[in-house]
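FYI, the numbering just counts along the sequence from 1.
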Amino acid sequence: MSAMIPPLPDIVLEPIVALALAEDLGRAGDVTTDATIDPEHRARWAINARQDGIIAGLDAANLASWKVDPDLLWDLKKPDGAAIKKGETIAEIEGFSRSMLTAERTILNFIGRLSGVATLTRAYADAVSGTNAQIAATRKTTPGMRALEKRAVRLGGALPHRYALDDAILIKDNHVASAGGIGAALERAKKYAGHMMVIEVEVDSL
């Protein structure tokens, strides 16, 4: 299932990656690397898994490295959505050491965070395997990271549910209280919704 999930388009990825790099590079760039590393030094690094899990975030990590240095070469050993064992190599990167050191933290932040989401999601999806239950992710995402985290959820074997407030009508407890009851909330929702819009009601018990 996860192998068929396409990568996010660059128009979605680019502002997220650019913000992450700008946040890390600050006003003057990587002063530690600039001060200590020969600009001509080259290396080949391996990104290895520290625990078993599901890989996610490689598209954002790759774009981050490309924005720092388009000459960095990636050799992917496992694709997004693949299961990996502790100690296995996810990817190898070759190029100027300065570039790799400058991009390193942003690369690892994307892979670590999103692989964590995919891995935990897989645990929940496996727990309900064989039942009629489905795991679906809410909008409780890290600000600015929703597209990436929702994709990681899909790579983990679950559903994204709503991506934003305009996807569907989802009536929650605060809507019910503010509308004057579930009946009033539903009546208004049905009048508002077009024929393509789904109406859901959040419940607290069976």
Side-chain angles (χ1 to χ4, degrees), residues 1-20 22-23 51-61 63-64 79-84 106 109-206:
M1 175 177 154
S2 60
M4 300 182 66
I5 297 171
L8 293 171
D10 283 353
I11 195 169
V12 174
L13 282 177
E14 282 180 354
I16 302 171
V17 171
L19 181 62
E23 182 178 64
Q51 64 185 60
D52 296 356
I54 305 298
I55 300 168
L58 291 174
D59 49 358
L63 183 59
D80 266 350
I84 195 164
T106 302
N109 282 350
F110 280 128
I111 295 174
R113 170 75 181 173
L114 296 168
S115 295
V117 171
T119 299
L120 186 58
T121 300
R122 178 62 58 85
Y124 291 137
D126 287 348
V128 300
S129 178
T131 74
N132 291 324
Q134 293 180 311
I135 303 297
T138 70
R139 290 173 19 257
K140 295 169 183 151
T141 52
T142 308
M145 292 278 288
R146 180 168 299 169
L148 294 173
E149 291 179 352
K150 289 283 194 177
R151 182 171 182 270
V153 162
R154 295 179 66 201
L155 289 168
L159 303 172
H161 201 232
R162 290 193 302 170
Y163 279 89
L165 288 168
D166 62 352
D167 286 359
I169 294 175
L170 176 53
I171 301 172
K172 301 184 180 183
D173 53 357
N174 288 333
H175 296 107
V176 172
S178 299
I182 184 62
L186 271 172
E187 185 178 350
R188 289 174 180 167
K190 288 178 179 179
K191 289 179 180 177
Y192 178 92
H195 70 285
M196 294 291 289
M197 187 165 285
V198 172
I199 300 173
E200 288 187 342
V201 180
E202 184 179 80
V203 298
D204 294 324
S205 69
L206 291 177

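Considering every non-hydrogen atom in both I169 and A189, the closest pair reads CD1-O, 3.9 Å. Of all the heavy atoms in F110 and M145, the pair that sits closest is CE2-SD, 4.0 Å. Closest non-hydrogen pair, A147 versus V12, comes out as CB-CG1, 3.7 Å. Between R139 and K150, the shortest heavy-atom distance links the atoms N-NZ, 4.3 Å. When all heavy atoms are compared, the tightest approach of D166 to M197 is O-CE, 4.3 Å. Of all heavy-atom pairs between A56 and A152, the closest is CB-CB, 4.1 Å.
In the displayed structure, E200 atom CD is contacted under 6.0 Å by more than 12 heavy atoms of other residues, nucleotides or ligands. Shown here is R162, whose CZ atom has more than 12 heavy atoms of other residues, nucleotides or ligands within 6.0 Å.
Counting only heavy atoms from C-beta outward, the side chains of L13 and L148 approach each other to under 4.5 Å. A heavy-atom distance below 4.5 Å is not found between the side chains of T138 and H161. Between L114 and R151 there is no side-chain heavy-atom pair separated by less than 4.5 Å.
Between the side chain of D167 and the backbone N or O of A164 there is at least one donor-acceptor pair closer than 3.5 Å.
A distance of 10.0 Å separates CG in D59 from CD1 in I111, rounded to the nearest 0.5 Å. In this structure, D52 CG and T119 OG1 are separated by 9.0 Å, a value rounded to the nearest 0.5 Å. Distance check, rounded to the nearest 0.5 Å: CZ of R122 to OG of S129 gives 10.5 Å. With rounding to the nearest 0.5 Å, the separation of OG in S115 from CG in L58 is 6.5 Å. The line from CG of L120 to CD1 of I54 is 11.5 Å long, rounded to the nearest 0.5 Å. Here the CZ-CG distance, from R154 to D80, works out to 12.0 Å after rounding to the nearest 0.5 Å.
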